Amino acid sequence: MRRSRPRRPSLTTSLAGVAGLTGLAVLASVTVLPSGATPVPNGDDRLRQYEAAAEEYGVPESVLLGVSYLESRWDVNGGSPSTSGGFGPMHLTDAEYVAGLPAGGHHHGTDEDPRGDDARDTLTVTHPDVDPPDEESLQTLDAAAALTGAPEAELRSDPAANIRGGAALLARYQRDLGAPLGSYTDPADWYGAVARYSGSDTTDAARFFADEVYATIRAGAERVTDDGQLVTLAAHRGLEPDRSWIEALGLDDTDRPDEIECPRALSCEWLPAPYELRGDGTNVNSYGNHDLGNRPEQQKIEYIIIHDAEGYFGPTTELAQDKNWVSWHYTLRSSDGHIAQHLESKNVGWHAGNWFVNAKSIGLEHEGFAAQGSWYTEAMYRTSAKLVRHLAEKFDIPIDREHIIGHDNIPGITPDYVAGMHWDPGPYWDWSHYFDLMGAPARSTGTPRTGLVTMDPDFAANQPAFTGCEERGVPCPERGSSAVILHSEPSHDAPLVTDVGLHPDGSPSTMHISDHGARASAGQTYAIADHDGDWTAIWYLGQKAWFHNPADTPAAVWSRGLVVTPKEGLDSVPVYGRAYPEPAAFPEGVPVQPIVPLQYELPAGQRYAAGPTLQGEYYRATTYDGSSPGDWTVISGDMEYVQIQFGHRVMFVDADDVDVRPANRDAPRP
């Protein structure tokens, strides 16, 4: 979510396509670097590396830069692999090498029930060990090494060598097609080679990747990379590629049946999740792997949930088609952004670990491994953002961090479930850039006195020292993060705040990558609790939580809005993990679902950012054929809840327990 006041060069024009200059342009020597980035002589060495590689292998510079932007946005990501095993600015893939790295666990706990419905027996699933698929698209680094003569280790770690490797691959693909070769050639004639670079095995996926590359070339781009290098691609307005070259690749065509709910421009296929009985097929209580629904006619869809699959695309889609597994609506591939849909939006997936959220959400799994400190490709960010925007418009879902949330933002349903909730997509998901792509960047709407603050750290420069990316507990890669670290006092040396749901003994949270008990994330909005010099405090899980927020390199933007606070006379109010209706709302014969407070409380005198007001609801679905009383119906009551940003996760309070008021009323003064 880009700031309203510029701090760094970024994409300079809309990718809708503008008309054309040719060639590359280098900006003047005075540039703005991300805070914490290391300046280099003239700031344009990386651009010279692209120029040299393009000349050496006969690739137009604009094509080389465009492909690299769609893979990595020209970043090096601290030498860490992407979620599909790709390294460096050109995303040279080495999935075999990545598979050999010791990986930490995906989750803070491993006992989350994906259904999150304690009206049924607990559903426990164990993620299998997944070997990397044997696909050429996930093993391009070997070919680059053979073409350039550079050692594989150098191609993984050295940006210049990596760029040479990518240029060599593009040239080989162009040569294999019998297409014009040479850095002087028309970029329009490289469409087939660009499409092949995607690694896609279907025409529509390769076409999407190539079209996005050429949209970038037409629009132009400019940014400072995560290691402080200024790279500029001038706009080639009016450039239209020769798309006939893709036919020579001989790729498969993908069917798009009526069930597909996906923008036409995106590459999507239908791989349906099964709705079938398990075991001997006689027990109507034992079935997989989702529930039938009738949304939005019967129940409004409120949320879109962003997940990290902890696996590769192929095996993840196979699990989604297993009746003995669990389910979600879409899986997205890292290398090219290709999408598989598994459930129609009207049906309820088992993915979020909270039945109230499952019943009101659509789940997206993204190929990847959060615990390895890996990064997500630009191609996948773009398709995901386009899909989410499409779904948000279709179902009238606001594009904000109260409705488009990570799995890590979903609360446990009862105290016993809190510690086992999952933490994907993790702190390396770039929420700011993601919302930029959806056309909903963070903007400052207030001042330090308006009472709210929305997190928006500079992703590239914000590099918390996480641990636990490998089983040995070594530090994670030094790379950008959306996470803002929260301390118990306004000092970097102060202990982190605690989350009693994750640390019942009251000990401070840690920097382990899965421990989000002292983190706020980009786009999340909190009520301001205090100011002290360069530090700002927010109300967080019943305590003041301090983050470093200097005026010259702020970690957040000031916001306006509403807050909740306990009604006068109440010492504290309970906080809930789901918004179920009151007992009287349940029809006779339908078991009442208890309203169980979590282990947290909202004390008097504290304020929390208010989200949507929700009517208490429970979707009853416990049998395969709907034979149990009340099945396949939505039970609604009179009780209302206010969603709040209470910690890293959203939670709910009874609307009758709190006052909702403007955040600037009684806000602390700096």
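The structure presented is a predicted model; accordingly, all values stated were derived computationally and were not measured. Along the sequence shown, residues carry numbers from 1.
- Taking the side chain as every heavy atom from C-beta outward, Tyr330 and Glu261 approach each other to under 4.5 Å.
- When atom types are taken as modelled, the side chain of His648 and the backbone of Ala518 share no donor-acceptor pair closer than 3.5 angstrom.
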| task | Go through the steps to decide whether His433 and Tyr381 satisfy the test side chain to side chain contact (heavy atoms under 4.5 Å, CB included), and finish with yes or no. | result | CA-CA 8 Å; His433 180 54; Tyr381 274 126; 4.2 Å; yes

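- For the pair Tyr434/Val388, a side-chain contact is recorded, criterion being any heavy-atom separation below 4.5 Å from C-beta on.
- From Leu249, atom CG reaches atom OG1 of Thr203 across 8.0 Å, with rounding to the nearest 0.5 Å.
- Few gaps surround CG on Asp322; more than 12 heavy atoms of other groups in view lie less than 6.0 Å from it.
- Using a distance-only test at 3.5 Å, with no hydrogens or angles considered, a donor-acceptor pair links the side chain of Gln139 to the main chain of Glu96.
- Residue Tyr580 forms a ring pair (Phe, Tyr, Trp, His ring centres under 6.0 Å) with just one option from Tyr619, Tyr618, Tyr641, Phe586, and that option is Tyr618.
- Checked by atom type and distance alone, the side chain of Ser361 pairs as donor or acceptor with a backbone atom of Val357 at under 3.5 Å.
- Ring orientation note: the planes of Trp431 and Phe435 are tilted relative to one another, at an angle of 30° to 60°.
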| task | Could you check Glu365 against His351 for side chain to side chain donor-acceptor pair (under 3.5 Å), going step by step and ending with a plain yes or no? | result | CA-CA 9 Å; Glu365 290 279 0; His351 59 95; over 6 Å; no

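- A side-chain N or O of His338 and one of Ser267 form a donor-acceptor pair less than 3.5 Å apart.
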| query | Stepwise, does the side chain to side chain contact (heavy atoms under 4.5 Å, CB included) test hold for Lys300 with Glu617? | reply | CA-CA 11 Å; Lys300 177 172 170 50; Glu617 287 184 350; over 6 Å; no

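- A donor atom on one side chain and an acceptor atom on the other are found under 3.5 Å apart for Trp350 and Asp291.
- Annotation: side chain of Thr254 is not in contact with side chain of Asp252 (no heavy-atom distance under 4.5 Å).
- Taking both residues in full, the closest heavy atoms of Arg278 and Trp325 are given as NH2-O, 3.1 Å, listed atom of the first, atom of the second, then distance.
- Between the side chains of Thr331 and His342, a donor-acceptor pair is found at a separation under 3.5 Å.
- Between the OG1 atom of Thr622 and the CG atom of Asp121 there is a distance of 10.5 Å, given to the nearest 0.5 Å.
- A cation-pi contact links Arg120 to Trp355, judged by a cut-off of 6.0 Å to the six-membered ring centre and 45° from its axis.
- Formation of a donor-acceptor pair under 3.5 Å by the Ser82 side chain with backbone atoms of Ser84 is found in this model.
- When atom types are taken as modelled, the side chain of Ser628 and the backbone of Asp631 share no donor-acceptor pair closer than 3.5 angstrom.
- The shortest side-chain heavy-atom distance between Ile513 and Pro427 falls under the 4.5 Å cut-off.
- Ser200 has its side chain out of reach of Phe208: every pair of non-hydrogen atoms, C-beta onward, lies at least 4.5 Å apart.
- Judged by distance alone, the side chains of Glu259 and Gln341 never bring a donor and an acceptor atom under 3.5 Å apart.
- Side-chain contact of Thr383 with Arg333: a donor-acceptor pair under 3.5 Å is absent, judged by distance alone.
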| task | Using the side chain to side chain contact (heavy atoms under 4.5 Å, CB included) rule, take Arg256 and Cys268 through it: C-alpha gap first, then chi angles, then the decisive distance, then the call. | result | CA-CA 7 Å; Arg256 292 179 69 98; Cys268 298; 3.8 Å; yes

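- Distance alone, capped at 3.5 Å, places no donor-acceptor pair between the Arg382 side chain and the Leu437 backbone.
- Tyr376 contributes a side-chain N or O that, together with a main-chain N or O of Pro425, makes up a donor-acceptor pair within less than 3.5 Å.
- Side-chain N/O atoms of Ser384 and His366 include a donor and acceptor closer than 3.5 Å.
- Contact between His329 and Gly349 at its shortest, heavy atoms only, is CE1-N, 3.8 Å.
- Side-chain polar atoms of His422 and Asp308 form no donor-acceptor pair below 3.5 angstrom.
- Between Glu402 and Gln643, the shortest heavy-atom contact is O-NE2, 3.0 Å.
- Panel note: side chain Gln615, backbone Gly637; a donor-acceptor pair is recorded below 3.5 Å.
- The side-chain heavy atoms of Trp328 and His307, taken from C-beta on, include no pair separated by under 4.5 Å.
- In summary, the side chains of Thr510 and Asp515 do present a donor paired with an acceptor at a separation below 3.5 Å, with no hydrogens or angles considered.
- Put simply, the side chain of Asp336 never gets that close to the backbone of Ala195: no donor and acceptor are under 3.5 Å apart.
- For Thr414 and Asp416, the side-chain atoms include no donor-acceptor pair closer than 3.5 Å.
- Taking the six-membered ring where the residue is Trp, His290 and Tyr275 present tilted rings, their angle falling between 30° and 60°.
- Considering only heavy atoms from C-beta on, Trp429 stays 4.5 Å or farther from Ser482 through its side chain.
- Expressed to the nearest 0.5 Å, how far OG of Ser509 lies from CZ of Arg519 amounts to 8.5 Å.
- When all heavy atoms of Ile410 and Ile405 are compared, the pair lying nearest together is CG1-CD1, 4.1 Å.
- A donor-acceptor contact closer than 3.5 angstrom links the side chains of His403 and Asp400.
- To the nearest 0.5 Å, atoms CZ (Arg479) and OG (Ser374) are separated by 7.5 Å.
- Distance check, rounded to the nearest 0.5 Å: CZ of Phe459 to CG of Asp436 gives 12.0 Å.
- Checking Thr93 against Thr140 by side-chain atom types alone, a donor-acceptor pair falls below 3.5 Å.
- The structure places CZ of Arg295 at 8.0 Å from CZ of Phe395, a figure rounded to the nearest 0.5 Å.
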| query | Going through the distances and angles, do Thr525 and Arg401 end up as a side chain to side chain contact (heavy atoms under 4.5 Å, CB included)? | reply | CA-CA 8 Å; Thr525 298; Arg401 289 285 271 122; over 6 Å; no

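- Between the side chain of Ser198 and the backbone N or O of Ala206, no donor-acceptor pair lies under 3.5 Å.
- In plain terms, the two heavy atoms of Phe356 and Phe652 that are nearest each other are CE2-CZ, 3.9 Å.
- In plain terms, the two heavy atoms of Asp118 and Gln593 that are nearest each other are OD1-OE1, 3.8 Å.
- A donor atom on one side chain and an acceptor atom on the other are not found under 3.5 Å apart for Tyr576 and Asp654.
- Between Gln645 and Val650 the shortest side-chain heavy-atom distance falls below 4.5 Å.
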